[in-house]
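First the structure, which I've put down as structure tokens, then a few questions once you've had a look.
Here the structure is a predicted model, which means the values were calculated and not measured. Note on naming: letters A, B, ... go to the chains in the order of the sequence lines (proteins, then strands), and numbering restarts at 1 for each one.
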Protein chains: 2
Amino acid sequence: MSTEGSRRRDVTVADVAKAAKVSKAQAARALGNYGAVSDDVRERVLAAAEELGYRPNELARSMNTGRSNTLGVVVGDIENPHFGLATRGITDTAKKSGYNVILINTDEEKQAEVDAVRVLLDKRVDGLIVAPASSTDFPHLREVQESGRPLVLLDRAAEGLEVETFAVDMGPVSYESTKQLIGLGHLRIAFVSTLKSEQPYREGMALESSQIADRVDGMRRAFQEQALPFPADLVRLNAGDAGSIKAVARDLVTGPDPATAIIASDGLIALSVVEAIQESGLRIPDDISFIMYDDFAWTRLISPPLTVIAQPVYEMGRAAASALIRKIEGRPAAASGPELHPRLIQRGSVGAPRTALEGTLSLG
Amino acid sequence: MSTEGSRRRDVTVADVAKAAKVSKAQAARALGNYGAVSDDVRERVLAAAEELGYRPNELARSMNTGRSNTLGVVVGDIENPHFGLATRGITDTAKKSGYNVILINTDEEKQAEVDAVRVLLDKRVDGLIVAPASSTDFPHLREVQESGRPLVLLDRAAEGLEVETFAVDMGPVSYESTKQLIGLGHLRIAFVSTLKSEQPYREGMALESSQIADRVDGMRRAFQEQALPFPADLVRLNAGDAGSIKAVARDLVTGPDPATAIIASDGLIALSVVEAIQESGLRIPDDISFIMYDDFAWTRLISPPLTVIAQPVYEMGRAAASALIRKIEGRPAAASGPELHPRLIQRGSVGAPRTALEGTLSLG
DNA sequence: CTGAAAGCGCTAACAG
DNA sequence: CTGTTAGCGCTTTCAG
């Protein structure tokens, strides 16, 4: 059915050496660009290599040098633009320094992540960047550290693990935005996340992802500060595919005591939540206020444009990769990494709730 | 600054063999799960391996077997959701068959693609999936074929190269949608693409990307059929970053003879074009009609929802990966691959042009 | 500067 | 079933 090209034996240094009439060692030196080689020899070797179509076998090279010039990257979902952008930051940076990237998708599945890390280690990548699915349970990350291979974390922290982490601290913005919503009269503020959890959220429950934990925590602080009860029943985890997210959203806006504001944990969730809201005939922000994490171009295009919490995603990827490469090459850590700060961007999706009049408020 | 873990020497089969008091060969067989090993030996070896924390060196393994269980994937821009989704299709499929993926981004730069392919070949990936930046100039793809390594193409064709290609044929839909626009009275239909080109488009000019060539061609056919002049001046290439796309869009809708309809070649372009349209105070579809390639969730959320040309992107990735793996493993090609068809989804962004009354029409 | 030889960690004959 | 002996293609001593 096709030109199967008979996978003919690759030409090796030995072949080149013979053709150039020098020793294998000299040929290797000329080809690998190391050691001492006379101009004459180099020329002959290079010519022979060209002639024969020699290509180095990087596997063999890596075996000897112990370096593969490859970075392992483990993320939850490359389809999610958040990670798409971060990955771009990583690959761009890697390429600049001559590294390649092996990318593994875990679907935020813990076991898949463990396997991924192991495979990468076995493949002898020079270092790893992982966005850990769990910030509390990570024996595989410890394993990486024990192996001595450089590791940096992206997007989420691993509590108690001594490792450079490139993530923004969402606590403060979450607090701020919640406070603002409360100030407008919102008491029923929902939060929707894909975070997997065996049980539904209960107040004070430990959350596996530091990223999500910080966000919920910021919300709670804002409520506490006003001595208002935190609507824990509106924190919804396990929002998986579009269908289930929409179901959650519908549930949130219906019923006797519906949410008057919804915060979506990422762009994919936001898309489905907004769709569900539109379908149920409610209007943003008149009937319900809306905030999402991450700032994508489409959020400016819909009406009203969405109020978002932006984070420097590309920059995070870039910073993670360059820190990792520094570690790999044994260079000292940069004096100070880039500041990775989130930012609340006010647009048009937040307003006072219809029930504002009923609320008992007194804000500082 | 951190726990540098002293990268201690890895434990090898030899170490395990010694600990288990068997020969290296037997240990290797037990560990590698091949050959004949008695239960007793296997047990002792596995126990010793566990004890010592043995991990196989996949590099060494690959050197011997000639298989790395790795697929090389070369795309233009992983940040573009189109490729994000396709990549997801690839990685999901690869994982199921036990393959990993090395991903390289070319930024649609021809030289970067050549380098990418070479690096992948040198790293001895088992096969390659590439979305070629050029459908007309691809010595590096020939090189791959000569190397005998399996190759499949994604998203774009390479004219004259005998290679399985997973892309949808956009000719017919492009023709259809253009015809429809013409039917509504549009004569000034623009097409905006990121395709790089030294020169601005002129009618009949050969386009480097088969994908784009097909689309423009479909448009031309529709005009020709109606004996209408094809507005070649409205085909805009080189639309790079958001800023330049917006500039192009502004240019299209201004001037003495502006476009009355715009077709965006992908989601990223669409985002910027729609934004530019909104900013210039024009309304879709009253002032200008709009169609984009690819169907993303956000296109349903903006008002009016966008008319799009959907394509099975994930499926393309999936199909490409599974075909490649089949080739690698020497299995016969599937009787028939999945049908990869595009589909025009009518939503609300297309209407009659304001100038419809002036047009001289007579459609079949 | 050059070449011979050893070895990276593993698999693959080949005899027992 | 088991052990011995060769390599895979390259880098790296170590002598010259």
Side-chain angles (χ1 to χ4, degrees), chain A residues 7-46 48-49 52-70 119 121-126 147 149, chain B residues 7-46 48-49 52-70 119 121-126 147 149:
Chain A
R7 201 181 287 217
R8 50 125 207 266
R9 207 179 117 302
D10 292 316
V11 2
T12 74
V13 236
D15 300 323
V16 176
K18 194 176 306 172
K21 298 189 201 315
V22 296
S23 71
K24 215 177 61 173
Q26 277 311 82
R29 290 196 254 256
L31 260 9
N33 226 302
Y34 58 91
V37 185
S38 69
D39 287 353
D40 173 48
V41 168
R42 188 193 327 283
E43 238 165 70
R44 267 158 47 214
V45 170
L46 262 24
L52 299 177
Y54 168 82
R55 295 266 70 217
N57 181 329
E58 291 296 344
L59 288 178
R61 190 168 276 175
S62 295
M63 270 217 62
N64 289 281
T65 60
R67 309 244 357 260
S68 59
N69 275 287
T70 303
V119 167
L121 247 25
D122 292 353
K123 276 195 184 298
R124 299 306 192 257
V125 295
D126 292 334
S147 81
R149 213 98 22 110
Chain B
R7 204 180 286 216
R8 50 126 206 261
R9 204 179 120 301
D10 291 318
V11 1
T12 74
V13 235
D15 301 322
V16 175
K18 194 177 306 172
K21 299 191 200 314
V22 296
S23 74
K24 214 177 63 172
Q26 277 312 81
R29 290 196 253 255
L31 261 9
N33 226 302
Y34 61 92
V37 185
S38 69
D39 289 354
D40 173 49
V41 168
R42 186 193 327 284
E43 237 166 68
R44 268 161 44 215
V45 170
L46 262 26
L52 299 177
Y54 167 81
R55 294 266 72 216
N57 182 330
E58 291 295 345
L59 288 179
R61 189 168 276 176
S62 296
M63 271 219 61
N64 289 283
T65 60
R67 311 246 353 262
S68 59
N69 276 288
T70 304
V119 168
L121 246 25
D122 292 353
K123 277 194 183 298
R124 298 305 192 259
V125 295
D126 293 334
S147 81
R149 211 98 22 111

Show each protein N/O and nucleotides 12-14 of chain C N/O combination with a separation under 3.5 Å, one pair to a line.
none

Check: Does R55(B) have any side chain to side chain contact (heavy atoms under 4.5 Å, CB included) partners at least two apart in sequence or in another chain, and if so, which?
Finding: R118(A), D122(A)

Item checked: Donor-acceptor pair, side chain of S62(A) and main chain of R67(A), under 3.5 angstrom -> yes

Item checked: DNA chain D: 5'-most and 3'-most nucleotides touching chain B, 4.0 angstrom heavy-atom criterion -> dC1(D) to dG9(D)

Check: So which heavy atom on Y54(B) is nearest to which on L31(B), and how close?
Finding: CE2-CG, 3.5 Å

Next item on the list: Could you tell me whether the phosphate oxygens of dT2(C), OP1 or OP2, come under 4.0 Å of any side-chain nitrogen or oxygen in Q26(A)?
Entry: yes

Next item on the list: Only pairs at least two apart or in different chains count here, so list each salt bridge (Lys or Arg N to Asp or Glu O under 4.0 Å) that has a residue in residues 11-21 of chain A.
Entry: R9(A)-D15(A)

Checklist line | Nearest non-hydrogen partners of D126(B) and R149(B), listed with the distance | finding: O-CG, 3.7 Å

Margin query: Could you tell me how far apart R42(A) (CZ) and dC1(C) (P) are, to the nearest whole angstrom?
Written below: 9 Å

Next item on the list: Verify side chain to side chain contact (heavy atoms under 4.5 Å, CB included) between R44(A) and V22(A), making sure each step is shown before the conclusion.
Entry: CA-CA 9 Å; R44(A) 267 158 47 214; V22(A) 296; 3.3 Å; yes

Checklist line | S23(A) vs dG3(C): side-chain N/O to OP1/OP2 distance below 4.0 Å | finding: yes

Margin query: Output the rounded distance in Å from CZ (R124(A)) to P (dG9(C)).
Written below: 8 Å

Next item on the list: For R61(A) and for D39(B), find the nucleotide of DNA chain D with the closest heavy atom, then tell me which residue's nucleotide is more 5'.
Entry: D39(B)

Next item on the list: Identify, with sequence neighbours excluded, every residue that meets side chain to side chain contact (heavy atoms under 4.5 Å, CB included) alongside D39(B).
Entry: R42(B)

Item checked: R29(A): salt bridge (Lys or Arg N to Asp or Glu O under 4.0 Å) partners, not counting sequence neighbours -> none

Notebook entry, point to check: If only atom types and distance count, is the side chain of K123(B) paired as donor or acceptor with the main-chain N or O of T70(B) below 3.5 Å?
Noted result: no

Check: Over how many whole Å does the gap from M63(B) atom CE to dG7(C) atom P extend?
Finding: 17 Å

Check: Can you tell me if the side-chain N/O atoms of S62(B) get under 4.0 Å from OP1 or OP2 in dC10(C)?
Finding: no

Next item on the list: Write down the distance between CG (L59(A)) and P (dT11(C)), rounded to a whole number of angstrom.
Entry: 14 Å

